[in-house]
Enquirer: 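Can you keep this structure in mind? I'll have questions shortly.
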Protein chains: 2
Amino acid sequence: MVEHTTSMAASDPVSCCSPLDVEVLSEHDAVDIARVFAALSDPIRLRLLSLVASTGEVCSCDLEAPLERSQPTISHHTRILSEAGLITGEKRGRWMWWSVNTERLEQAARLLSA
Amino acid sequence: MVEHTTSMAASDPVSCCSPLDVEVLSEHDAVDIARVFAALSDPIRLRLLSLVASTGEVCSCDLEAPLERSQPTISHHTRILSEAGLITGEKRGRWMWWSVNTERLEQAARLLSA
DNA sequence: GGATTACATCGACGGATATCAATCTACCTA
DNA sequence: TAGGTAGATTGATATCCGTCGATGTAATCC
């Protein structure tokens, strides 16, 4: 995953604990990436994302019933997913339509593979 | 992402809010998957994972300094990553050696793409 | 055996988060 | 213009989570 710099194999059981000064993933980047995974770390949000992905476009009012959560709670979760860049909202009339930001998902996926 | 079942496009701005009874991602599966992403949702754990990934194998004592966290905190994070299946620990002598479970990472990555 | 070391566990504390009722805001319709 | 509706925001609450000091446990070294 993520970036490599150098690699010093320290497998000798006698000489341990030579401090790694290799800063592999920066603190700043880590905070950024963590925000995306935090958005994916809630079961309700995963099911919400799944619903949006499967139908292509869903309005908020269609989420309350299947997810069995109140309107403010749904609004809370769409906001978090939206701020993480995972879904995009478009207001049409009274309704808010949500769709999945596929590129952002792929981007997150790439962070986890090699 | 994840599984699809059927898909009913409801993009007509006049007729909204027909409740979707399509259960796309089950509640049980969502809880399972959320646990993995929750393990990835902390900056310290991401940097820890990155350190382990870059060196192949790291002992716990080599993590405290670069991550600037106490020994109990490091132990806490390795435990969470381990329980999520993302790293594997092996005790050799006094030292606990950690390595990345690549398959598990790839598995998580696949959940996010298509 | 006794001292030391690496790591786990416990207990406590502060901050984040999921949830909902109530309220506010914007938009549509009659 | 008045009433209704979709969704955001606010405030309150209960729970979860990251953190560390203190302590426990197992392995090593002298």
Side-chain angles (χ1 to χ4, degrees), chain A residues 10-20 27 30-31 34-49 52 57-65 67-84 87-98, chain B residues 10-20 27 30-31 34-49 52 57-65 67-84 87-98:
Chain A
S11 303
D12 186 358
V14 250
S15 75
C16 178
C17 298
S18 49
L20 304 175
E27 198 164 342
V31 171
R35 212 188 317 275
V36 177
F37 288 125
L40 293 167
S41 71
D42 182 89
I44 297 291
R45 284 198 288 273
L46 284 177
R47 292 169 65 209
L48 196 163
L49 197 58
V52 177
E57 213 176 23
V58 177
C59 101
S60 293
C61 59
D62 275 335
L63 295 171
E64 300 177 31
L67 297 178
E68 295 175 291
R69 288 298 183 283
S70 70
Q71 180 268 318
T73 299
I74 297 297
S75 180
H76 168 71
H77 287 307
T78 51
R79 176 194 176 100
I80 288 179
L81 285 170
S82 169
E83 285 179 350
I87 61 176
T88 307
E90 184 192 344
K91 189 159 192 176
R92 290 208 288 274
R94 272 191 284 227
W95 297 289
M96 195 69 176
W97 292 92
W98 298 101
Chain B
S11 303
D12 186 357
V14 252
S15 74
C16 178
C17 299
S18 47
L20 305 176
E27 198 164 344
V31 171
R35 210 188 318 273
V36 178
F37 288 125
L40 294 167
S41 71
D42 182 88
I44 297 292
R45 283 197 290 272
L46 285 178
R47 292 170 65 208
L48 196 163
L49 197 58
V52 177
E57 213 174 23
V58 177
C59 101
S60 293
C61 58
D62 275 334
L63 295 170
E64 300 177 30
L67 297 178
E68 295 174 289
R69 288 297 184 280
S70 70
Q71 180 269 317
T73 298
I74 296 297
S75 181
H76 167 72
H77 288 306
T78 51
R79 177 193 175 100
I80 288 180
L81 285 170
S82 169
E83 284 179 351
I87 62 175
T88 307
E90 184 191 344
K91 189 159 192 176
R92 291 208 290 273
R94 272 192 284 228
W95 298 289
M96 195 68 177
W97 292 92
W98 299 101

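Here is the naming used below: chain letters follow the sequence lines, and residue numbers restart at 1 for every chain.
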Enquirer: Would you say A:R45's side chain and B:A34's backbone share a donor-acceptor pair under 3.5 angstrom?
Expert: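 Not at all, since once roles are kept as given, no pair shorter than 3.5 Å links the two residues.
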Enquirer: Excluding sequence neighbours, so at least two apart, what forms salt bridge (charged side-chain N to carboxylate O under 4.0 Å, His left out) with A:E83?
Expert: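 With neighbours one apart ignored, the set is A:R79.
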Enquirer: Would you mind telling me which of B:I87, B:T78, B:L63 makes a side chain to side chain contact (heavy atoms under 4.5 Å, CB included) with B:V58?
Expert: B:L63
Enquirer: Can you measure B:W95 atom CH2 to D:dA26 atom P for me and round it to whole angstrom units?
Expert: 19 Å
Enquirer: Between B:M96 (CE) and D:dA26 (P), how many Å, whole number?
Expert: 14 Å
Enquirer: Nearest-Å distance, CD1 (A:I74) to P (C:dT19)?
Expert: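 Nearest whole value for this atom pair: 9 Å.
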Enquirer: Once you round to the nearest 0.5 Å, how far does CG of A:L67 lie from CD of B:E27?
Expert: 9.5 Å
Enquirer: For A:L48 and D:dG7, what is the distance between atoms CG and C1' respectively, to the nearest whole Å?
Expert: 14 Å
Enquirer: Can you list the residues that meet the side-chain hydrogen bond (donor to acceptor under 3.5 Å, both in side chains) rule with B:E90, with sequence neighbours excluded?
Expert: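 Result, side-chain hydrogen bond (donor to acceptor under 3.5 Å, both in side chains) vs B:E90: B:R92.
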Enquirer: How long is the straight-line distance from CZ of A:R69 back to NE2 of A:H77, given to the nearest 0.5 Å?
Expert: 7.0 Å
Enquirer: Out of D:dA8, C:dA8, C:dA6, which nucleotide sits closest to the side chain of B:W98?
Expert: C:dA8
Enquirer: With sugar-phosphate meaning primed atoms plus P, OP1 and OP2, does B:S60 contact a base, only sugar-phosphate, or nothing at under 4.0 Å between heavy atoms?
Expert: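 If one applies the 4.0 Å heavy-atom cut-off, B:S60 turns out to touch the sugar-phosphate alone, with no base involved.
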Enquirer: Using rotation axes that map the C1' atoms of four end pairs onto the next four (five pairs an end), what angle separates the end axes of the helix from C:dG1-D:dC30 to C:dA30-D:dT1, to 10°?
Expert: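 That helix has its two terminal axes inclined by roughly 20°.
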Enquirer: When rounded to the nearest 0.5 angstrom, what distance separates CG in A:D42 from CG in A:L48?
Expert: 9.5 Å
Enquirer: Rounded off to whole Å, could you give me the CG-to-C1' distance for the B:L63 and C:dA6 pair?
Expert: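 Atom-to-atom, B:L63 to C:dA6, this comes out as 12 Å.
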Enquirer: Does some side-chain heavy atom of A:L81 sit less than 4.5 Å from a side-chain heavy atom of A:V52?
Expert: no
Enquirer: Atom SG in A:C59, atom CZ in A:R94: separation rounded to 0.5 Å?
Expert: 11.0 Å
Enquirer: Could you work out, with side-chain hydrogen bond (donor to acceptor under 3.5 Å, both in side chains) as the rule, every residue matching A:S60, not counting sequence neighbours?
Expert: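 By the side-chain hydrogen bond (donor to acceptor under 3.5 Å, both in side chains) rule, A:S60 matches A:W98.
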Enquirer: Output one line per pair: protein atom, nucleotide atom from nucleotides 26-28 of chain C, and distance, for all N/O pairs under 3.5 Å.
Expert:
none

Enquirer: Take atom CG of B:L81 and atom P of C:dC7, then tell me their distance rounded to the nearest Å.
Expert: 16 Å
Enquirer: At what distance, to the nearest 0.5 angstrom, does CD1 of B:I74 lie from CD of B:Q71?
Expert: 9.0 Å
Enquirer: What string of B, S and - do you get for nucleotides 14-25 of chain D, 5' to 3', if B is base contact, S is sugar-phosphate-only contact and - is no contact with any protein heavy atom under 4.0 Å?
Expert: ----SBBBB---
